[in-house]
Amino acid sequence: MKKNIMDMNEHVIQTINLTKEYGELRAVDNVSLSIGRGEIFGLLGPNGAGKSTTIMMLTTLLKPSSGRAEICGYDVVKEPNKVRKSISVVFQDHTSDEWLTGWEYLRLHAGIYNSSEARIQELLILFNLKEWKDTPIKQYSSGMRRRLEIARGLVHHPEVLFLDEPTLGLDIQTRLKIWSYIESLSREEDVTIFLTTHYMEEADKLCDRIAIIDDGKIVAIGSSEELKSVLNSNLITVKVKNPGDMMQILSVLGMESEIQGNSIQIHTTNAGISEIYDVVRDMQNDVELFNVKKPTLDDVFIYYTGKEIRDEASEHRRHPLMRRGFI
Ligand SMILES: Nc1ncnc2c1ncn2[C@@H]1O[C@H](COP(=O)(O)OP(=O)(O)O)[C@@H](O)[C@H]1O
Ligand SMILES: [Mg+2]
């Protein structure tokens, strides 16, 4: 099903100053969000930022300390049963019941929700698990397991699907495949997806909108493009046969540049890109390369928090000697 703008205006998830304290620690700090129907929404932040705690409150598994949250118009504290009927949640370290086959596993969950066998068939096809349906889960690859778990989350046609770090610990190939399954389920099922991640690329490629969370607080929210354009900073590399000429034109334009061999590097604003492009176009066949590096979500995270997400988020933190190849 194609997303339409009207649907996006209907808020299926709404939080106002949602807060959770564990004793002294404020794990989620006054989070206010409005998420439209059909969106793929990503909560991006390092380990310990408060992502799972947010999901637990939104899925009625944890009571907020203060603030409110509504899912499909139902209050998570006052109407938890109605919320639970509208949603599904797949947690990061959930393990499927290994001795069951894929079909038995889905059948078990479909039974809980009175879903039909036709629904199971549909999900097996959507997640490309049909030919493995009679194989015990213990023989599945990690990517197949993750697909099966997401399929399990969809047996009762939830309006909102919560995915807590859906590709945590998977290799990059498998991660890419999971993204394409999530994208296709967003297209084909009328479901809003709220996912958490500490993978920049995941948020960048998959999510319609992203909220960056750090120490329990939302520090920025918007589409990936919107978040990056706020930085208004780009790195242009131009390789020319005669860099001296180009440097001269740039200095007349009042642009600072650095030279490395035949390459010139210029830090510029969004507006500056077209100015430099005009210069490059006039130089015609003198130009060997023209490259614009826009900011990444990494840069956005650093801009708002003063630190890198990668440092903190690395699951496979390596010993410094190992990084240098000593051990
Ligand atoms: N049950 C708990 N009791 C006390 N502190 C907790 C509990 N669960 C999480 N925390 C703390 O709350 C913060 C947010 O945790 P969490 O929501 O799991 O973050 P994330 O999912 O982003 O890694 C962390 O500092 C974590 O140590
Ligand atoms: Mg977590």
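In listed order, ligands and their atoms are each counted from 1. Values reported hereafter were calculated over all heavy atoms of this structure, with side chains retained and with hydrogens, waters and symmetry mates removed. Bear in mind the structure is a predicted one, so any value in this text is a computation, not a measurement.
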Subject >> Within the protein, residues bringing a heavy atom under 4.0 Å of ligand 1, chain by chain >> reply: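 Heavy-atom contacts below 4.0 Å: Tyr22, Leu25, Ala27, Pro46, Asn47, Gly48, Ala49, Gly50, Lys51, Ser52, Thr53.
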With distance as the sole criterion, is a donor-acceptor pair present between the side chains of [X] and [Y] under 3.5 Å?
{"X": "Tyr303", "Y": "Ser233", "answer": "no"}
{"X": "Glu202", "Y": "Thr197", "answer": "yes"}
{"X": "Glu256", "Y": "His267", "answer": "no"}

Original post:
Under 3.5 Å, is there a donor-acceptor pair between the side chain of His156 and the main chain of Ile87?
Top reply: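 Side chain of His156 to backbone of Ile87, a donor-acceptor pair under 3.5 Å: yes, one is there.
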**OP:** In sequence, state the C-alpha distance, the side-chain angles, and the governing distance for Arg68 and Asp75, and then conclude on salt bridge (Lys or Arg N to Asp or Glu O under 4.0 Å).
**Re:** CA-CA 7 Å; Arg68 297 182 45 214; Asp75 188 289; 3.7 Å; yes
Subject >> Identified salt bridge (Lys or Arg N to Asp or Glu O under 4.0 Å) partner of Asp204 from the options Arg209, Lys294, Lys228 >> reply: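 Testing each of Arg209, Lys294, Lys228 against Asp204, the sole residue satisfying salt bridge (Lys or Arg N to Asp or Glu O under 4.0 Å) is Lys228.
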Original post:
Which distance, rounded to the nearest 0.5 Å, do you find between the CG of Leu100 and the CD1 of Ile137?
Top reply: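 The distance works out to 5.5 Å.
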**OP:** Would you indicate whether Tyr277, at its atom OH, is surrounded by more than 12 heavy atoms from other residues, nucleotides or ligands within a distance under 6.0 Å?
**Re:**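 Not buried by this count: 12 neighbours or fewer within 6.0 Å.
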Original post:
Does atom OH of Tyr181 have more than 12 heavy-atom neighbours from other groups under 6.0 Å away?
Top reply: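 Yes, because the 6.0 Å sphere around OH of Tyr181 holds more than 12 heavy atoms from other groups.
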Subject >> the Mg ion (ligand 2): protein N, O or S atoms [distance under 2.8 Å] >> reply: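 The answer is Ser52 OG.
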